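One structure is given below, encoded as structure tokens.
Computed from a prediction, not measured in an experiment: that's the story for all the values here. Each chain gets a letter, A, B and so on, in the order the sequences are listed, and its residues count up from 1.
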There are 2 protein chains.
Amino acid sequence: MPTSSPSPEPLPSRRIAETLRAAIENGELSPGDRLPSERSLAEQYGAARNTAREAIRILAEQGLVIAEHGRGVFVRERKRLLRFGSDRYSLKNRETGLTPFRLEAARQGRTARIEVLGITREEPPEDVAERLGVPTGIAGVVHRENHYFADDEPVQIVSTYLKWEEAQGTPLMEPRSGPHGIYGRLEELGHVMTRGRDEITARMPSPHESALLRLPPGVPVLEVLHTSFDQNAEPFEVSRYVHRADRAGLLYELPVEQAES
Amino acid sequence: MPTSSPSPEPLPSRRIAETLRAAIENGELSPGDRLPSERSLAEQYGAARNTAREAIRILAEQGLVIAEHGRGVFVRERKRLLRFGSDRYSLKNRETGLTPFRLEAARQGRTARIEVLGITREEPPEDVAERLGVPTGIAGVVHRENHYFADDEPVQIVSTYLKWEEAQGTPLMEPRSGPHGIYGRLEELGHVMTRGRDEITARMPSPHESALLRLPPGVPVLEVLHTSFDQNAEPFEVSRYVHRADRAGLLYELPVEQAES
DNA sequence: TTCCGTAACTGGCTTGAGCCAGTTGAGCAT
DNA sequence: ATGCTCAACTGGCTCAAGCCAGTTACGGAA
């Protein structure tokens with residue numbers, strides 16, 4: 001081990017983490033492989049078990065490794081399976097009869113399952129209210145919460161918000177909203193989507209999201225706040241997509257506007 | 001509330017973390033406020049210092065809190081300042097004479113600084129090679145690495161890759177590439193951007209990125225892999241944007257293609 | 001043969017102790 | 001007033017020990 005030390009890095013936990021990281025990156029340890037146990041790492045490096053444990057925590061935080069209680073610590077698979085993005089709302093996809101999620105899952109050879117968690121009348125969260133153009137403080141929206149699974153693994157939580165006054169008494173309040181999903185119904189209500197806006201952020205999950213998505217530590221979430229605008233440039237639907245970032249990516253195809261001269 | 005729980009939450013560290021989290025979320029503790037010290041938390045909850053420490057680690061991992069050596073633990077500001085996205089490449093922005101980054105920084109009232117780290121001939125990374133349509137294994141690309149700062153805080157690392165055969169001997173090899181930046185030069189070489197593709201992922205930073213962006217623990221990065229296509233649908237430029245996710249978001253405006261019937 | 005208990009692993013979490021390093025402010029010397 | 005030292009805080013990291021809980025494989029009982 002020619003561990004050159006021109007830099008000040010004498011910390012045992014980092015040294016162990018760095019050694020393991022190197023082993024992972026040069027392929028000595030492949031995805032799925034088990035790392036030495038905490039106890040044996042500690043012995044091997046002449047450190048306390050807590051120190052070996054700390055090293056593993058560092059790697060877990062970087063998303064390189066996943067600890068499984070009672071089984072061991074494993075090098076994480078680096079697959080990124082699903083891609084969502086600008087064609088999510090493309091009307092062209094209507095022709096397939098599949099929702100965008102099922103379409104993408106099918107592309108990847110995975111089985112899709114969608115669970116409707118609830119359809120309730122609620123007060124909108126502030127960011128949603130702002131975008132949908134409804135007031136906060138009153139129960140002015142319908143909130144449809146869906147969970148999406150690929151091969152029974154939860155990958156996406158979607159909360160869709162519609163104006164209560166419009167959704168009231170329509171199939172928009174039903175779990176199965178009919179042909180072409182809610183966009184079909186919204187079109188019948190006179191809203192043709194002509195423009196969408198996606199606001200994308202990433203962050204660490206809340207404990208709630210962590211549980212719902214069964215997230216291992218060290219996996220961030222991608223949050224997309226989508227707003228649909230109709231032919232009158234009125235917002236008529238806002239959705240919040242929360243993806244686990246190690247399983248989903250986003251893909252946007254952008255036509256570039258040419259300069260008008 | 002479908003979360004049925006037999007309330008199995010006797011863990012001291014989580015209990016402390018949960019209490020603090022609640023205090024933060026209901027405003028008892030505001031952004032910038034100092035939390036009690038590890039030692040006093042431990043005493044207050046009748047736990048060991050390590051346990052209080054673990055509680056703080058949990059909050060830090062969720063990005064709620066930031067520990068400063070020698071000073072204390074503080075509730076983190078949750079400003080999200082900069083937004084980048086679909087108009088990043090819009091030719092319309094050319095008219096301002098500002099690069100997209102300077103434009104966005106100016107919008108937010110912040111001072112922009114761009115540092116050119118290096119312009120070197122290199123072998124492309126695999127994902128870049130694939131998208132740019134060049135072989136791996138030979139030094140077939142020019143890599144321009146820039147770091148972007150807002151108010152002297154690093155917010156973005158950008159690596160731009162161009163084909164060596166095209167860039168060779170042109171201003172594309174210079175730090176200051178002339179009017180309208182590299183896109184101006186590429187246009188002179190016959191590449192008009194007509195389409196772009198952005199592939200977006202989020203992940204925890206590598207130690208290298210962590211250092212460059214001066215990232216506190218618990219902050220993920222947003223990575224955008226951008227490909228520019230010219231009038232012949234040929235890719236001519238690939239860029240990798242790495243943002244700190246707590247300071248930057250992405251904004252995409254999407255014209256929705258209407259169904260052709 | 002199948003089934004089931006158990007032993008020997010695994011990580012999860014806590015304790016309590018100690019030392020190091022960065023920060024701050026009070027108070028002394030100039 | 002200015003500038004310095006230093007004590008008393010802060011978090012950072014490690015150690016050593018112990019108990020708990022999930023997993024797995026082996027071996028004996030049915």
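Counting to the nearest Å, the P atom of C:dT14 and the CD1 atom of B:Ile56 are 14 Å from each other. The separation between B:Leu41 atom CG and C:dT15 atom P is 13 Å, rounded to whole Å. Look at CD on B:Glu68: it is 10 Å from P on D:dG12, rounded to the nearest Å. Rounded to an integer number of Å, the gap from CD1 of A:Ile66 to C1' of C:dG11 is 11 Å.
Between B:Arg71 and C:dT24, a side-chain N or O to OP1/OP2 separation shorter than 4.0 Å is present.
Side chains of B:Arg113 and B:Thr111 form no contact here, defined as non-hydrogen atoms less than 4.5 Å apart. Looking at heavy atoms from C-beta onward, A:Val242 lies in side-chain contact with A:Leu213 at the 4.5 angstrom threshold. Using a 4.5 Å heavy-atom threshold, the side chains of A:His147 and A:Pro154 count as separate.
Side chain of A:Arg244 to main chain of A:Ser210: no donor-acceptor pair is present (N/O by atom type, distance under 3.5 Å, no hydrogens or angles). A donor-acceptor contact shorter than 3.5 Å links the side chain of A:Arg144 to the backbone of A:Pro175.
With no hydrogens or angles considered, no side-chain donor-acceptor pair links B:Thr51 and B:Ser13 at under 3.5 Å.
No hydrogens or angles were tested; on distance alone, nothing pairs the side chain of B:His69 with the base of C:dG22 as donor and acceptor under 3.5 Å.
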Could you list, one pair per line, each protein nitrogen or oxygen that sits under 3.5 Å from a nitrogen or oxygen of nucleotides 3-8 of chain C, together with the distance?
none

Listing time: all N or O pairs from protein to nucleotides 13-19 of chain D that are below 3.5 Å?
{"residue": "D:dC13", "atom": "OP1", "partner": "A:Arg14", "partner atom": "NH2", "Å": "2.4"}
{"residue": "D:dT14", "atom": "OP1", "partner": "A:Pro12", "partner atom": "N", "Å": "3.0"}
{"residue": "D:dT14", "atom": "OP1", "partner": "A:Ser13", "partner atom": "N", "Å": "2.7"}
{"residue": "D:dT14", "atom": "OP1", "partner": "A:Ser13", "partner atom": "OG", "Å": "3.1"}
{"residue": "D:dT14", "atom": "OP2", "partner": "A:Ser13", "partner atom": "OG", "Å": "2.7"}
{"residue": "D:dT14", "atom": "O4", "partner": "B:Asn50", "partner atom": "OD1", "Å": "3.4"}
{"residue": "D:dC15", "atom": "OP2", "partner": "A:Ala48", "partner atom": "N", "Å": "3.0"}
{"residue": "D:dC15", "atom": "OP2", "partner": "A:Thr51", "partner atom": "OG1", "Å": "2.1"}
{"residue": "D:dC15", "atom": "N4", "partner": "A:Asn50", "partner atom": "ND2", "Å": "3.2"}
{"residue": "D:dA16", "atom": "N6", "partner": "A:Asn50", "partner atom": "ND2", "Å": "2.4"}
{"residue": "D:dG18", "atom": "O6", "partner": "A:Arg49", "partner atom": "NH1", "Å": "3.2"}

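Note on ring orientation: taking the six-membered ring where Trp is involved, the planes of B:Tyr161 and B:His143 are parallel (angle under 30°, cut-offs 30° and 60°).
Residues satisfying the side chain to side chain contact (heavy atoms under 4.5 Å, CB included) criterion with A:Ala67, sequence neighbours excluded, are A:Val73.
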